[in-house]
Amino acid sequence: MDITAESLVFLVLSVLTLGSAVMVVTSRNLFHAGLYLMLSLFGVAGFFVLLAAPFLAGVQVVVYI
């Protein structure tokens with residue numbers, strides 16, 4: 001199995017998104033949970049960029065974050 005730059009970016013984005021989503025749920029501080037939610041949504045926007053959907057990535061950032 002070849003590790004390409006795209007698969008490496010996908011791995012980093014998935015760890016970032018899932019890790020921050022877990023931190024949203026487990027955080028006791030509401031402000032920190034909001035920051036982790038923003039980080040998780042940035043990861044989702046990164047997935048949209050990987051899928052060659054820059055409009056959806058922009059909408060994700062502008063509307064949800």
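The structure displayed is predicted, hence computed values, not measured ones.
- A distance-only check finds a donor-acceptor pair linking the side chain of N29 to the backbone of F31 [under 3.5 Å].
- For F48, the ring pair (Phe, Tyr, Trp, His ring centres under 6.0 Å) test picks out no residue, with sequence neighbours left out.
- Checked by atom type and distance alone, the side chain of T26 pairs as donor or acceptor with a backbone atom of V22 at under 3.5 Å.
- Not a single side chain to side chain contact (heavy atoms under 4.5 Å, CB included) links L18 to another residue, sequence neighbours left out.
- Grouping the Ile, Leu, Val, Met, Phe, Trp and Tyr side chains by contacts below 4.5 angstrom, directly or via other members, places V61 with V59.
- Qualifying ring pair (Phe, Tyr, Trp, His ring centres under 6.0 Å) partners for Y64, counting only residues two or more places apart in sequence or in other chains: none.
- Neither L8 nor L16 shares a network with the other; the hydrophobic side chains, linked directly or stepwise wherever heavy atoms of I, L, V, M, F, W or Y lie under 4.5 Å apart, form separate groups for each.
- In this structure, S27 and A33 approach most closely via the heavy-atom pair OG-N, 3.8 Å.
- Remark: L41 CG to T17 OG1 distance equals 9.0 Å, nearest 0.5 Å.
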In sequence, state the C-alpha distance, the side-chain angles, and the governing distance for F42 and S20, and then conclude on side-chain contact (heavy atoms from CB on, under 4.5 Å). CA-CA 10 Å; F42 268 122; S20 60; over 6 Å; no
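- A donor-acceptor contact shorter than 3.5 Å links the side chain of S14 to the backbone of F10.
- Atom CD1 of I3 sits in a sparse spot, with 12 or fewer heavy atoms from other residues, nucleotides or ligands closer than 6.0 Å.
- Note: M23 CE to L39 CG = 10.5 Å, rounded to the nearest 0.5 Å.
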